[in-house]
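Chain letters run A, B, ... following the sequence lines, proteins first, then strands; residues in each count from 1.
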There are 2 protein chains.
Amino acid sequence: MNKRKKTSTNYNNQVFLENRCSLNELLNLVSRRWITDVLFCIEDGSIRYKNIKEDLEFISDTVLADRLRLLTRYGLITKTSYKETPPRVEYSLTESGKKLSELLDMLCKFGENSMQLCSSSITIK
Amino acid sequence: MNKRKKTSTNYNNQVFLENRCSLNELLNLVSRRWITDVLFCIEDGSIRYKNIKEDLEFISDTVLADRLRLLTRYGLITKTSYKETPPRVEYSLTESGKKLSELLDMLCKFGENSMQLCSSSITIK
DNA sequence: TTCATTTCTAATTAAATAATGAGTAACTAA
DNA sequence: TTAGTTACTCATTATTTAATTAGAAATGAA
């Protein structure tokens, strides 16, 4: 994945919003495609790269690797590597990850019960 | 804003994820830039287009108009237009919007207390 | 020796999203 | 009659994000 340009309005606005309210930073992480699904997969016992890939049928390697990296960096999951061949790597939720998962469940229920979701992908305009 | 291409993997994956878990649809809405800020502005009493624009210093007309349209379409805010000149339009949160705002507050607190947010904008890789 | 396995990375291309800049309607005040 | 106000829309461009394709390291099995 490529670097961001740090001299654009786009970038400045993101920084502005993150400083304004940290929710923006959290949402910015949590809304990346596949990321909550990866988190839930691990919570549900698909703790290896390959398992997650099987569960999430269409996820690409690039994105899966990236999402695992992000979740790890933000302290939501931990990674354990065993020195075997072929490699074995296992992931699990941290306390923080479990807490987030609960909050996301609440959001999910809200979506199902209290909102008219328009079904399949917002068409702007 | 332009139309989406409906024959891409990108689009198909989004539909796949939305069908898998409605959280994805909700996040897809709620994570658009400025949208939660617009919601909170209205909740805090900036109920007119112009007020919101002043509060959110750097938001563009295109995006603000779009976010108001989305929030309205998803039943999170209501719009009241008065036939005056210059036009007067007022927005307010629906019950659903208030509920969402509460959930977002919880998420925000989680972010502040239980997570090491890396501060200002994720640099992937 | 060649192939397969797992967990990735790197470079490129495609698509989505946000920003920019201009313009509109309908009236009012100067 | 001209300028000013509010709440927008439209077309274009810039930027970000996701997908595609290829490949690598480290070993064991055939």
Point to revise | Donor on one side chain, acceptor on other, A:T72 and A:K79, under 3.5 Å | key: no
Review point. Is the distance from OP1 or OP2 of D:dT17 to the nearest side-chain N or O of B:Y11 less than 4.0 Å?
Key: no
Check your understanding: Taking NZ, NE, NH1 and NH2 as the nitrogens, is one of them in A:K98 or A:E95 under 4.0 Å from a carboxylate oxygen of the other?
Key -> yes
Review point. Which is true for A:N10 with a 4.0 Å heavy-atom rule: it touches a base, it touches only sugar-phosphate, or it touches nothing?
Key: sugar-phosphate
Check your understanding: Where the side chain of B:T85 is concerned, which of C:dA26, D:dT17, D:dT16 is the nearest nucleotide?
Key -> C:dA26
Practice item. Kindly give the heavy-atom pair with the smallest separation between A:S92 and A:I42, and that separation in Å. Key: CA-CG2, 3.7 Å
Point to revise | Euclidean distance, atom CD of residue B:E57 to atom P of C:dA18 [Å, nearest integer] | key: 19 Å
Review point. Hey, does the side chain of A:N113 reach the backbone of A:K109 with a donor-acceptor pair shorter than 3.5 angstrom?
Key: yes
Point to revise | A:R33 and B:L17, any side-chain heavy atoms less than 4.5 Å apart | key: yes
**Study point:** base_contact_polar (D:dT16 base, A:S8 side chain, donor-acceptor, <3.5 Å)
**Key:** no
Point to revise | Sugar-phosphate only, base, or nothing, as touched by B:K79 at under 4.0 Å among non-hydrogen atoms | key: sugar-phosphate
Check your understanding: Quick one: is B:T9 getting a side-chain N or O under 4.0 Å of the D:dT20 phosphate, OP1 or OP2?
Key -> yes
Study note, to complete from the structure: Pairs under 3.5 Å (Watson-Crick or G-U), crossing ones as [ ], inter-strand ones as |: DNA chain D comes out as ||||||||||||||||||||||||||||||
Review point. Is B:R67 reaching over with its side chain to a backbone N or O of B:D37, donor-acceptor style, under 3.5 angstrom?
Key: no
Practice item. Rounded to the nearest angstrom, tell me the gap between atom CG in B:N12 and atom P in C:dA16. Key: 10 Å
Revision key, fill the gap. Interatomic distance, CG@A:L29 vs OG1@A:T36, rounded to 0.5 Å, equals 10.5 Å
Review point. When the distance from CG of B:L17 to P of D:dT17 is rounded to whole Å, what number comes out?
Key: 17 Å
Review point. Closer to the 5' end of DNA chain C via nearest nucleotide, is it A:R88 or B:K5?
Key: A:R88
Check your understanding: How long is the line joining CG of B:D61 and P of C:dA18, in whole Å?
Key -> 15 Å
Point to revise | Base of C:dT7 paired with side chain of A:S81 (donor-acceptor, under 3.5 Å) | key: no
Review point. Whole Å only: how far is the CG atom of B:D66 from the P atom of D:dT9?
Key: 9 Å
Exercise for review: Would you classify B:F58 as touching base, sugar-phosphate or nothing, given that sugar-phosphate means primed atoms plus P, OP1 and OP2, and contacts are heavy atoms under 4.0 Å?
Suggested key: nothing
Check your understanding: Mind checking whether B:L100 and B:L76 have side chains closer than 4.5 Å, heavy atoms only?
Key -> yes
Review point. Rounded to the Å, how far apart are A:K83 NZ and C:dC8 C1'?
Key: 16 Å
Check your understanding: Taking the side chain of B:A65 as its heavy atoms from C-beta onward, which of D:dA19, C:dA18, D:dT9 lies nearest to it?
Key -> D:dT9
Study note, to complete from the structure: Heavy-atom nearest nucleotide on DNA chain D taken for B:L68 and for A:E84; more 5' hit belongs to B:L68
Study note, to complete from the structure: Residues B:R48 and B:P87: closest non-hydrogen pair is NH2-O, 3.4 Å
Revision key, fill the gap. Between B:K5 and B:Y11 the two heavy atoms that sit nearest each other are O-CB, 3.3 Å
Point to revise | Distance below 4.0 Å between A:R33 side-chain N/O and D:dA19 OP1 or OP2 | key: yes
Check your understanding: Rounded to the nearest Å, what distance is computed from the CG atom of residue B:N24 to the P atom of nucleotide C:dA16?
Key -> 17 Å
Point to revise | d(CG, B:N51; P, D:dT5) in whole Å | key: 15 Å
Exercise for review: Would you tell me if any nitrogen or oxygen in the side chain of A:N13 comes within less than 4.0 Å of OP1 or OP2 on C:dA19?
Suggested key: yes
Practice item. Please tell me if the side chains of A:L64 and A:L56 come closer than 4.5 Å, counting only heavy atoms from C-beta onward. Key: no
Revision key, fill the gap. Sorted by number, residues from residues 41-48 of chain A placing a heavy atom under 4.0 Å from DNA chain C are A:R48
Check your understanding: Of all the choices, D:dT6, C:dG21, D:dT17, which nucleotide is nearest to the side chain of B:K50 once you look at every atom?
Key -> D:dT6
**Study point:** Given D:dT20, C:dA18, D:dT9, the nucleotide with the shortest approach to the side chain of A:S60
**Key:** D:dT20
Exercise for review: Could you check which of D:dT6, C:dA18, D:dA7 has an atom nearest any side-chain atom of B:Y49?
Suggested key: D:dA7
Check your understanding: When you check the phosphate oxygens OP1 and OP2 of C:dT9, does a side-chain N or O of A:R69 lie under 4.0 Å from one of them?
Key -> yes
Point to revise | Contact under 4.0 Å: A:Y82 side-chain N or O vs D:dT27 OP1/OP2 | key: no
Point to revise | Nearest-nucleotide pick for A:R32, side chain only, options being C:dA11, D:dA18, C:dT7 | key: D:dA18
